[in-house]
Amino acid sequence: MTALLEVRDLDVSYGHGEDTLHAVRGASFSLRRGEIVGVAGESGCGKSTLAFAIARLLRGSGHVEGGEILWSGRDREPIDLATADDESVRRVRWSDISIVMQSAMNAMNPVLSLRSQIGDVIKAHDPAAGRRERGRRVGELLEMVGIPSARGRAFPHELSGGMRQRAMIALALALSPQLVILDEPTTALDVVMQRQVLSELKRLQADLGFAVLFITHDLSLLVEIADRILVMYAGTVVERADALDLYRAPFHPYSRGLLTSFPKVTGVRAELTGIPGTPPDLRGLPDGCPFHPRCASAMDECKRETPALVPRRRPDGEATPDGEATQSRDVACLLYQPTGRAQ
Ligand code: SF4
């Protein structure tokens with residue numbers, strides 16, 4: 001199947017010269033139509049920068065230094081969003097690709113009703129839609145995300161946090177996009193509301209068939225919603241795998257640490273171990289594997305060699321920790337490369 005989005009060897013930086021901060025380095029992945037791909041990692045690992053680069057919404061001195069972001073949207077020739085002119089990007093953004101940013105629910109215009117805010121987006125991209133038509137579409141969108149259409153008259157401060165987040169999702173779906181990028185969409189919500197918004201989102205995605213790029217620091221959350229997962233550390237993708245495979249048997253020590261950093265909702269209670277230390281300063285990464293100062297499995301060569309992201313298949317017969325079948329994925333760790341101990 002042709003990929004809807006193909007990111008190839010993407011480098012994104014902030015600033016120039018000696019102070020350049022390399023926020024994303026060599027990221028590659030694809031996203032198929034109707035697929036949910038999750039991106040996980042701690043704060044500052046580059047996941048939000050990756051999302052902003054795809055939507056061409058990098059702020060300040062942020063810029064794409066290299067690589068491609070190939071978008072194959074509806075009825076249009078594929079375009080490289082990294083280099084396309086602003087007009088081409090404007091046509092794609094919102095109508096093909098929409099984005100719900102972190103804390104977006106606090107970014108709604110406080111003096112405009114939901115109906116006006118969502119109606120304005122429809123008007124900007126479909127000037128032929130009259131007031132009545134826009135009102136009808138806004139009502140449908142609100143109902144779709146579980147908000148009674150009559151609440152369209154409400155202002156943002158009159159809604160609960162969960163409702164505002166649902167309203168943001170309605171806004172993102174206003175133009176029937178093929179890809180919705182969600183950057184930490186449930187972080188500000190309590191656990192119960194988080195579950196409600198997630199199940200609503202999954203239902204909508206199954207009904208409407210859009211693809212999702214879901215960004216979060218909570219890897220255990222992604223396991224429930226995503227088809228495939230990228231784990232990022234210090235600006236690079238360190239593991240790329242099917243969600244269930246990653247959950248059953250994370251290969252990279254960092255992925256293992258992330259999975260033990262959050263409590264499981266079901267199953268046997270286990271002590272949270274987490275990951276010692278803090279992420280490195282992206283202006284001065286340690287030599288070798290950037291994770292080595294925090295890695296319990298680090299070897300001497302980890303201080304010298306930087307592991308590449310390479311395909312790794314467990315040999316036939318090698319069981320995962322819970323005895324499941326063999327798996328394959330891409331992983332950037334010397335344990336899984338020719339000289340590593342796991343061979
Ligand atoms: Fe740990 Fe070495 Fe693998 Fe890096 S390369 S994750 S330090 S074992």
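The chain is numbered in sequence order, starting from 1. Values reported hereafter were calculated over all heavy atoms of this structure, with side chains retained and with hydrogens, waters and symmetry mates removed. One-based numbering, in listed order, for ligands and for the atoms of each.
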Evaluate the side-chain proximity of Ser160 to Arg166: yes if any heavy-atom separation is below 4.5 Å, no if none is. no
Atom 3 (Fe) of ligand 1 and Cys333: any N/O/S contact shorter than 2.8 Å? yes
Number the atoms of ligand 1 from 1 as they appear, then name those within less than 4.0 Å of a heavy atom of Leu334, with their elements. 3 (Fe), 5 (S)
Verify the distance test for His252 against atom 4 (Fe) of ligand 1: any N/O/S atom under 2.8 Å, yes or no. no
Numbering as shown, the atoms of ligand 1 that approach Cys302 to under 4.0 Å (heavy-atom distance): 2 (Fe), 5 (S), 7 (S), 8 (S)
Check ligand 1 against Leu335 and write out every atom of the ligand that is under 4.0 Å from a heavy-atom position of the residue. 8 (S)
Within the 4.5 Å heavy-atom criterion, are Ser28 and Val7 side-chain neighbours or not? no
For Phe52, is the NZ or CZ atom of Arg59 found under 6.0 angstrom from the centre of its six-membered ring and inside 45 degrees of the ring axis? yes
Is atom 1 (Fe) of ligand 1 less than 2.8 Å from at least one N/O/S atom of Cys295? yes
Under the side-chain contact (heavy atoms from CB on, under 4.5 Å) test, which residues partner Pro279, sequence neighbours left out? Glu42, Arg294
The atoms of ligand 1 lying under 4.0 Å from a heavy atom of Ser297, numbered in the order shown, are 8 (S)
List ligand 1 atoms under 4.0 Å from His292, heavy atoms only on the residue side. 7 (S)
Under 3.5 Å, is there a donor-acceptor pair between the side chain of Tyr336 and the main chain of Phe251? yes
Please work out whether the ring planes of Tyr254 and Phe291 are parallel, tilted or perpendicular, with thresholds of 30° and 60°. perpendicular
